[in-house]
Structures are given as structure tokens and as C-alpha cells.
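Positions are given from 1, in the same order as the sequence printed here. Each ligand, and each atom within it, is numbered from 1 in the order the structure gives.
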Amino acid sequence: MSETAIRIRGLRKTYAPTRQAGPKEALKGIDLAIPKGTIFGLLGPNGAGKSTLINIMAGLVVKTTGQVTIWGFDQDVNPRQSRASIGIVPQELNLDAFLTPRETLDLQAGLYGVPKSERRTDAILDAVGLADKANAYSRSLSGGMRRRLLLGKAMVHSPQILVLDEPTAGVDIELRRMLWGHIRQLNATGVTIILTTHYLEEAEEMCDQIAIINQGEVVACDSTSNLIATLDAKTLVIRPKTPVAPAPALPGGVRCEMRGDGSLALTYSRSQIDAGAILNAIASAGISITDLRTEDPKLEDVFLALTSNRPAA
Ligand code: ADP
Ligand code: MG
């Protein structure tokens with residue numbers, strides 16, 4: 001058995017022209033391998049093609065060309081098995097207002113052909129914290145409860161892969177924490193998780209691996225830590241004893257920025273210069289230091305570095 005949960009080769013999607021716009025090439029040849037058991041993050045600015053990509057994985061959008069293999073099943077060869085292996089939590093909170101959470105899950109189980117004897121309706125309601133709302137109409141649920149119900153809905157057929165499209169967009173901090181808790185628990189039981197998010201710090205905290213997608217192309221794909229390490233820049237922030245002006249002479253390649261609080265932010269390339277050389281230059285300039293700290297690049301910086309300098313489509 002392969003160690004890959006999802007493999008994508010040469011995937012392209014062009015949406016047909018509409019009355020408002022011409023044809024739109026949303027995916028321009030995606031190659032991706034998502035390992036089993038990971039929490040895999042798909043990051044990218046609005047319109048990058050994230051939803052298109054995961055909707056194709058889930059069988060909700062028809063691709064133009066390319067190969068998509070879900071849990072070993074080629075979508076075109078074994079559409080039923082490939083669909084059964086994946087569950088998707090969409091971004092929109094679209095639920096039938098007149099169904100209760102229990103009915104919603106039962107209906108979904110029916111759609112996926114889960115036999116009555118194998119249904120885990122109560123266990124799922126419990127897992128997403130909706131046991132006490134089992135018989136309330138969906139329209140009476142709060143936004144957070146609806147989102148949890150959608151998560152439950154995606155779990156009814158016990159898919160090996162769960163995909164969440166911006167699960168925490170517009171969700172308050174408490175619910176976000178609770179959702180991440182559920183997701184981590186699911187992952188601990190062996191479910192492969194794929195998610196898209198705009199909260200880069202959250203992706204940094206949650207995901208083992210990240211693919212950055214921009215304008216329909218994968219611009220980076222690596223472990224979260226490698227991705228951060230690819231950005232070589234490091235910043236040394238020193239607080240001088242007395243105000244410094246003008247900027248001291250520093251080794252070539254060091255960028256000096258005076259911050260509003262009187263500290264100096266010295267940004268340099270870790271592979272080119274070592275911190276000792278910078279500190280020596282500071283000492284030679286007669287500056288005494290009262291405080292010193294370093295700043296590492298954030299995923300956000302990696303993201304900006306990879307997606308900037310590209311003209312908008
Ligand atoms: P993301 O989820 O990263 O914001 P999407 O996959 O939703 O990106 O969209 C990618 C591009 O495809 C965007 O330019 C969007 O306007 C376009 N697009 C998405 N859905 C459709 C559609 N049904 N018809 C035409 N264009 C679409
Ligand atoms: Mg989207």
C-alpha cells in the first residue's frame with residue numbers, strides 16, 4: 001500500500017466563460033503528493049485556486065485534465081471508491097434549515113450508502129459537541145454549531161481523508177480552538193487532514209506540511225519547518241543604552257532599521273554573515289547594548305516572499 005493519501009499529476013482546470021467573464025484558468029498544472037497521516041495545509045491568497053483544487057479532490061468540481069488519485073483509487077477509473085475515501089467540509093454554511101442535526105447526519109449516511117447498523121450518528125454528534133442539539137432545527141443553531149455539524153456531516157462515511165476549506169474563517173477564537181481540537185483528535189486516530197486557511201500562524205502551528213499555491217500553481221511545498229528555514233533572513237534587535245544616530249557602519253549586506261522605540265533592527269542573511277560580526281561592528285561604533293533579541297522569519301514572510309513580484313492575473 002502506498003504511503004500517499006492523495007496524488008495529483010498535471011492537474012488543470014479552466015472554468016467555462018460566463019456572461020461576466022471569459023474562460024478562467026484556475027489551475028495551471030498542479031503536481032502534489034499528500035502523505036498519509038499528515039495535517040497538510042494549503043495556503044494561498046484569495047483566488048489562488050485552493051477551493052477549486054480541493055473541490056476536484058472531493059469530486060465536486062470536474063477537472064479539465066490531469067490525474068487525481070485518492071487513497072490509491074484513480075478518480076476516473078474508480079470514482080465511487082475515490083469519493084468514499086474523502087470527506088469535505090465546505091466553506092459555506094449551507095445546511096437544510098428544516099432538518100435537525102440527527103436527520104442531517106442520517107440523510108448524509110444514506111447518500112453515502114452507510115448501512116443503518118454501521119451508522120455512528122450519536123458518536124459523531126458527541127464528537128462535535130452537538131449531542132444536546134440532536135433534535136433542534138438547523139436554522140436554530142449558531143454559526144459555530146453549524147460549522148461543527150458540517151464537520152460531523154463530512155465524517156459520517158468514516159473517510160480516511162478529511163478536507164476542510166477555510167474552517168476557521170469568521171469563527172471566534174474559542175470555537176477555533178475547539179475545532180482544532182477535534183481535528184487534532186481525528187488526525188491522532190489516523191485520519192489524513194487537508195485544510196486551507198488564511199491564518200498563517202495557525203497553519204504554522206497546525207500543519208506538518210504546507211503547499212503554497214498562487215495563481216493556480218504550487219509555488220512551494222515542504223515540511224512547515226523547512227519552509228520557514230528557506231527564508232534565510234534573521235533579524236537581530238538591539239536596544240542601545242543611549243539613542244543612536246546616524247546608523248552605525250555595519251558589515252555589507254546588513255540592513256539597519258531604526259524602530260520607534262529606539263531599538264535597532266538589523267536584518268541579515270544567516271548563511272552569509274554571523275551575528276558575532278554584527279555585534280563586533282556595534283561595539284566598534286561605541287554603542288553599548290542594554291537588551292538583545294532575535295526574530296525568526298514567520299511563515300507569513302515566506303508566503304510574501306514567494307507570492308510577491310508576480311503580476312496579478
Ligand atoms: P481560492 O479558493 O484560492 O480563493 P478558487 O478556487 O475559489 O480560489 O478560485 C480560483 C479562480 O477561479 C478565481 O479566479 C475564481 O474567480 C475562479 N473561479 C472559481 N470558481 C469559478 C466558477 N464556478 N466559474 C468561473 N470561475 C471560477
Ligand atoms: Mg476558497
Report yes if some heavy atom in the side chain of Ile183 is under 4.5 Å from a heavy atom in the side chain of Met206; otherwise report no. yes
Among all the protein's heavy atoms, is there at least one whose distance to atom 8 (O) of ligand 1 comes out below 4.0 Å? yes
Where's the contact between Lys24 and ligand 1, heavy-atom distance under 4.0 Å: side chain, backbone, both or neither? side chain
Taking atom CZ of Arg83 and atom CZ of Phe73, what is their separation to the nearest 0.5 Å? 15.0 Å
Can you hop from Leu164 to Met178 via hydrophobic side chains spaced under 4.5 Å? no
In terms of atom number and element, which parts of ligand 1 are under 4.0 angstrom from non-hydrogen atoms of Pro45? 3 (O)
Do the rings of His157 and Tyr112 sit parallel, tilted or perpendicular, given the 30° and 60° boundaries? parallel
Mind checking whether the Mg ion (ligand 2) has an N, O or S of Ser51 under 2.8 Å? yes
Is Thr18 in polar range of ligand 1, meaning some N or O pair under 3.5 Å apart? no
Single hit among Asp74, Asp76, Asp31 for side-chain hydrogen bond (donor to acceptor under 3.5 Å, both in side chains) with Gln67: Asp74
Could you tell me whether Ala16 and ligand 1 have an N or O pair separated by under 3.5 Å? no
Atoms of ligand 1 under 4.0 Å from any heavy atom of Ser51, numbered from 1 in the order shown, are 1 (P), 2 (O), 6 (O), 7 (O)
Nearest protein heavy atom to atom 6 (O) of ligand 1, by residue and atom, and its distance? Thr52 OG1, 2.5 Å
Is the closest side-chain heavy-atom distance between Met57 and Ile8 below 4.5 Å? yes
Atom 15 (C) of ligand 1 protein-contacted (non-hydrogen atom, under 4.0 angstrom): no
for atom 22 (C) of ligand 1, nearest protein heavy atom and its distance come out as Tyr15 CD2, 3.4 Å
Validation row: Lys36, Thr4 side chains within 4.5 angstrom (heavy atoms): no
Would you please test Thr196 and Leu53 for side-chain contact (heavy atoms from CB on, under 4.5 Å) and show each step? CA-CA 10 Å; Thr196 72; Leu53 178 56; over 6 Å; no
Could you tell me the residue and atom name of the protein heavy atom closest to atom 11 (C) of ligand 1, and the distance to it rounded to 0.1 Å? Gly47 O, 3.7 Å
Heavy-atom gap Ala21 to ligand 1 smaller than 4.0 Å: no
Treating Ile, Leu, Val, Met, Phe, Trp and Tyr as nodes and any side-chain heavy-atom pair under 4.5 angstrom as an edge, say whether Val219 and Leu43 lie in one connected cluster. yes
Taking 4.0 angstrom as the limit and counting only heavy atoms of Ala48, give me the atoms of ligand 1 inside it, by number and element. 1 (P), 3 (O), 8 (O)
Is any N or O atom of Gly49, backbone or side chain, closer than 3.5 Å to an N or O atom of ligand 1? yes
I'd like to check which ligand 1 atoms, numbered from 1 as shown, lie under 4.0 Å from a non-hydrogen atom of Asn46. 4 (O)
Salt bridge check, Glu205 against Arg184: does any charged N sit closer than 4.0 Å to a carboxylate O? yes
